[in-house]
Asks: 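Just dropping this structure here.
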Amino acid sequence: MILQRVKALTKKEVKKTVRDPAVLFMIFLFPVVFVLTFGASFGGLGGSQPVYAVGVVNLDEAVPPSWASVFLETLSNTTILHVQLYVNNQTAQSDLSQGNIQAVIIIPSTFSQSLTSYHTAPNDPSDWINATVSLYLDKGSVVATQALPPIIQNVLDTFVDQNHNTVPTPIRMQIASLIEVKQLSAFEFMAPGMFTFASIFLIMMVAQSFTQDRENGMLKRIRVTPTTSTEFMASQIVSYMLIALIQAVLVFAAVHLIGFKPQVSVPAYFTAFAFVLIFSLSNVGFGLITATVSKTSSAATGISFLFVLPQLFLGTFVGSSLSPVTQLACKFVPSYYVTDALMSLFLRGATITTPTILLDLFAVSSSCLLILAFGIVLYAKYFKL
Amino acid sequence: MVNAAIAVENLVKKFEDVTAVNNVSFQIEKGEIFGLLGPNGAGKTTAVNILCGLLKPTSGYATINGYDVQKEGEKIKKLIGVCPQENAVYPYLTGIENVELFGDLYALGTEDLIKRSSVLLEKLGLSNDARRKVEKYSGGMKRRLSLVMALIHDPQIVFLDEPTVGMDPQSRRAIWDFMKDLKKEGKTVFLTTHYMEEAEVLCDQVGIIDQGRLIILDTPENLVLKNSVENLEEVFIKLTGRKIREEI
Ligand SMILES: Nc1ncnc2c1ncn2[C@@H]1O[C@H](COP(=O)(O)OP(=O)(O)OP(=O)(O)O)[C@@H](O)[C@H]1O
Ligand SMILES: [Mg+2]
């Protein structure tokens with residue numbers, strides 16, 4: 001293998017990417033714009049905090065001024081919440097289902113009683129009367145499910161016990177209509193998927209590059225030079241790894257700008273970028289498969305979506321609300337493991353030695369190498385490299 | 001045969017429904033300019049593609065410098081330079097970048113590459129446009145750039161598939177002079193064309209191909225003399241009963 005050739009071909013491929021406005025947009029600008037608009041729509045931009053509309057049903061039996069009215073006031077004083085009062089649960093639920101509010105808080109009938117009992121004997125839990133504040137959330141809203149529970153829990157905690165003691169209190173918050181709540185903001189929850197999201201579109205670029213060079217006779221022209229197919233494939237792999245890396249750095253900068261600042265160690269960052277790089281191998285593989293079955297470069301654009309879409313839907317912004325069948329299907333796309341690993345690294349503080357990361361690494365490497373090998377063999381079978 | 005630059009024996013290439021090259025044999029000595037003359041679809045490009053290893057012949061045998069085109073492609077690739085019929089150039093690269101890329105593919109040294117590319121670009125009148133992107137080039141400029149890319153590594157044997165197609169008479173003459181220079185340097189040139197005049201002016205040997213068959217092979221002078229006609233155009237008409245291309 002002569003490095004001079006690989007280097008020259010890589011330079012050419014990168015220049016093509018940087019100089020073609022359409023390609024430039026697809027690979028670099030689109031992901032960045034996507035991240036920025038996505039972030040802005042969640043209020044992450046500009047530092048101003050969003051306001052959530054929350055309905056409150058006060059069933060407390062004590063006569064005001066009571067603990068319940070103090071709690072209501074505390075809620076209203078929270079700038080992040082816009083509190084609306086409802087006389088009963090039904091009217092509140094109806095507004096919730098219509099999307100007018102994003103959550104309903106039910107203050108139970110024994111609320112004041114419970115707090116009085118607590119303040120009379122703060123150190124004697126056996127004398128307390130327990131009460132449960134119920135929280136109904138708009139399941140369709142990522143914001144509501146991700147951001148509201150911690151906010152309201154926080155208000156409740158400070159209200160019940162001003163001193164932020166860790167001692168138990170008689171008031172519990174119960175999330176009535178949701179099974180699983182992650183203590184993360186919506187944007188943080190989705191940021192890892194953006195890296196995978198951006199990278200997937202390289203499939204289209206690889207497929208177009210091959211079909212275009214086939215159409216305009218460049219591949220034939222390279223074949224009459226002493227360049228070997230190994231050198232040529234190496235240049236493609238290196239090129240798209242490089243492009244994937246630049247892409248990841250740009251997405252990272254955009255995500256950072258929006259306010260996603262995970263507390264992650266340097267080795268964990270390297271691990272994350274390693275995942276993105278290994279993943280780019282599958283993009284070359286799928287790109288080659290697409291180029292094999294596509295007669296023209298415009299056909300390649302369409303056909304590449306056969307590989308882009310499943311990986312997009314099953315492997316980038318995977319929610320917990322998917323059906324079991326869909327969740328199973330996710331396990332068959334390489335992008336799923338990349339996103340999973342990035343989530344663990346960025347959000348759960350995992351490192352390269354964490355078992356889930358090792359498992360993801362194994363899944364990503366083996367599937368991507370297999371796809372790449374299959375792509376090369378398939379392409380070489382129908383077109384000489 | 002071993003000493004010939006290019007030797008072809010009973011070469012046949014069949015596609016599904018057409019026989020593009022039909023039992024063709026010829027020999028080209030080192031340092032010769034050989035012209036393969038024929039109308040559209042005669043099988044010229046197919047013959048070139050077989051010789052430079054892009055296509056497998058259905059049957060027959062061909063060697064370049066004594067190397068079997070089917071078995072010793074690696075050795076042949078270092079010897080030959082190919083300018084394909086279509087302008088295969090990267091539009092998003094500049095002229096010089098295209099040339100340097102191919103210099104790198106032939107693993108030329110940096111100094112060599114710089115020297116040769118500037119000489120060739122100068123000779124083909126592209127020096128002033130070398131740093132412009134090729135997508136801005138005219139058709140004739142692309143054609144000339146394509147020639148530079150084919151010759152950057154100073155190949156001994158050169159395949160030029162219709163090198164002057166689409167060029168104005170002035171540029172065409174410049175290319176002819178360029179090909180004469182190649183001959184002076186001792187290169188072997190395999191040229192395809194459907195311009196009679198080009199073959200007459202340049203070639204040591206002319207083969208006329210029609211519907212895959214090599215119908216005659218001789219020096220241009222002999223072809224004219226033996227058929228007692230005025231020029232190659234009339235040779236073609238006499239042999240096939242048709243004109244090689246209709247005048248517009
Ligand atoms: N890949 C292919 N598949 C099927 N038929 C082909 C293929 N390539 C060439 N042919 C056929 O072989 C014949 C010879 O084609 P070729 O390109 O060699 O002609 P040519 O002499 O170069 O013509 P032109 O002057 O138009 O370039 C034509 O009938 C063409 O249709
Ligand atoms: Mg042709």
Side-chain angles (χ1 to χ4, degrees), chain A residues 1-28 205-206 208-236 238-239 243 296-297 380-385, chain B residues 45 48-56 64 69 72-94 96-110 112-113 133-136 142 145-147 149-153 155 157-159 161:
Chain A
M1 188 149 84
I2 294 179
L3 281 181
Q4 184 181 359
R5 289 189 191 130
V6 180
K7 206 177 124 193
L9 288 168
T10 303
K11 230 162 85 182
K12 172 221 97 187
E13 199 67 27
V14 173
K15 274 181 189 160
K16 173 214 209 107
T17 310
V18 183
R19 287 181 187 175
D20 184 340
V23 177
L24 196 65
F25 174 79
M26 204 59 204
I27 295 189
F28 299 127
M205 300 300 122
V206 176
Q208 281 178 345
S209 173
F210 267 89
T211 40
Q212 265 165 17
D213 284 359
R214 206 168 63 209
E215 278 171 340
N216 60 25
M218 286 320 299
L219 287 185
K220 268 191 192 166
R221 187 150 202 176
I222 289 172
R223 267 173 57 206
V224 300
T225 73
T227 312
T228 65
S229 40
T230 316
E231 286 161 345
F232 187 76
M233 278 321 302
S235 77
Q236 291 292 310
V238 174
S239 305
I243 292 166
T296 63
S297 57
K381 188 165 181 247
Y382 290 96
F383 303 96
K384 291 226 178 65
L385 281 171
Chain B
T45 300
V48 170
N49 284 346
I50 292 170
L51 288 172
C52 59
L54 287 171
L55 280 177
K56 252 197 186 138
I64 295 202
V69 293
E72 294 167 293
E74 297 315 309
K75 285 179 186 148
I76 293 172
K77 282 174 179 178
K78 294 194 179 107
L79 297 174
I80 63 172
V82 184
C83 181
Q85 179 170 358
E86 70 280 15
N87 287 330
V89 289
Y90 285 114
Y92 46 84
L93 296 183
T94 64
I96 187 88
E97 283 171 343
N98 268 292
V99 176
E100 280 171 358
L101 169 61
F102 276 77
D104 283 329
L105 294 185
Y106 285 102
L108 293 191
T110 318
D112 234 17
L113 181 51
K133 269 203 219 163
V134 170
E135 61 196 3
K136 307 253 157 64
K142 284 183 192 154
L145 179 67
S146 182
L147 272 171
M149 288 156 74
L151 296 165
I152 184 66
H153 57 298
I157 299 169
V158 186
F159 292 91
D161 198 350

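Letters go in sequence order (proteins before strands), and every chain restarts at 1.
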Asks: Give, for atom CG of B/Asn87 and atom CG of A/Asn216, the distance between the pair rounded to the nearest 0.5 Å.
Replies: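 Interatomic distance, B/Asn87 CG to A/Asn216 CG, rounded to 0.5 Å: 10.5 Å.
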
Asks: Would one find more than 12 heavy atoms of other residues, nucleotides or ligands at under 6.0 Å from atom NZ of A/Lys16?
Replies: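 Above 12, so yes.
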
Asks: If you apply the rule side chain to side chain contact (heavy atoms under 4.5 Å, CB included), what do you find for A/Leu9 with B/Leu105, and how did you get there?
Replies: CA-CA 8 Å; A/Leu9 288 168; B/Leu105 294 185; 3.8 Å; yes

Asks: Take B/Tyr90 and A/Asp213, measure what side chain to side chain contact (heavy atoms under 4.5 Å, CB included) needs, and give me the verdict at the end.
Replies: CA-CA 9 Å; B/Tyr90 285 114; A/Asp213 284 359; 3.6 Å; yes

Asks: Show the numbers, then the answer: is there a side chain to side chain contact (heavy atoms under 4.5 Å, CB included) between A/Val224 and B/Lys77?
Replies: CA-CA 6 Å; A/Val224 300; B/Lys77 282 174 179 178; 5.6 Å; no

Asks: If you measure from OG1 on A/Thr225 to CD1 on B/Ile152, what distance do you get to the nearest 0.5 Å?
Replies: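 Spacing of OG1 (A/Thr225) from CD1 (B/Ile152) equals 13.0 Å.
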
Asks: Let's test your reading of the structure: which of B/Gly73, B/Cys83, B/Pro84, B/Cys52 forms the most heavy-atom pairs below 4.5 Å with chain A?
Replies: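 Maximum pair count with chain A is reached by B/Pro84.
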
Asks: Under 4.5 Å from any heavy atom of chain A, what part of B/Lys133 do you find: side chain, backbone, both or neither?
Replies: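 Interface part for B/Lys133: side chain.
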
Asks: Closest heavy-atom contact between A/Pro226 and B/Lys78?
Replies: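 Heavy atoms of A/Pro226 and B/Lys78 come nearest at CG-CG, 4.0 Å.
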
Asks: Hey, what do you get for CG (B/Asn98) to CE (A/Met218), rounding to the nearest 0.5 Å?
Replies: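 It comes to 6.0 Å.
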
Asks: Out of curiosity, A/Thr227 OG1 to B/Leu101 CG, how far, rounded to the nearest 0.5 Å?
Replies: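 Answer for the OG1-CG pair, A/Thr227 versus B/Leu101, is 8.0 Å.
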
Asks: Side chain of A/Arg5, backbone of B/Tyr106: donor and acceptor closer than 3.5 Å?
Replies: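 Not at all, since once roles are kept as given, no pair shorter than 3.5 Å links the two residues.
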
Asks: B/Glu97 and salt bridge (charged side-chain N to carboxylate O under 4.0 Å, His left out): which single residue from A/Arg19, A/Lys11, A/Lys12 fits?
Replies: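 The single option meeting the salt bridge (charged side-chain N to carboxylate O under 4.0 Å, His left out) with B/Glu97 is A/Arg19.
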
Asks: Going by salt bridge (Lys or Arg N to Asp or Glu O under 4.0 Å), name the residues that satisfy it together with B/Glu86, two or more places apart in sequence or in a different chain.
Replies: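 Partners of B/Glu86 under the salt bridge (Lys or Arg N to Asp or Glu O under 4.0 Å) test: none.
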
Asks: When rounded to the nearest 0.5 angstrom, what distance separates NZ in A/Lys220 from CG in B/Asn49?
Replies: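 Going from the NZ atom of A/Lys220 to the CG atom of B/Asn49 covers 5.5 Å.
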
Asks: Taking side chain to side chain donor-acceptor pair (under 3.5 Å) as the test, write out the residues that go with B/Glu135, two or more places apart.
Replies: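 Not a single residue meets the side chain to side chain donor-acceptor pair (under 3.5 Å) criterion with B/Glu135.
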
Asks: Distance-only, no hydrogens or angles: does the A/Gln4 side chain make a donor-acceptor pair with backbone N or O of B/Leu108 under 3.5 Å?
Replies: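 It does hold such a pair.
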
Asks: Looking at B/Phe102, does the NZ or CZ of A/Arg221 lie under 6.0 angstrom from its six-membered ring centre and within 45 degrees of the ring axis?
Replies: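 Yes, cation above the ring, under 6.0 Å and within 45°.
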
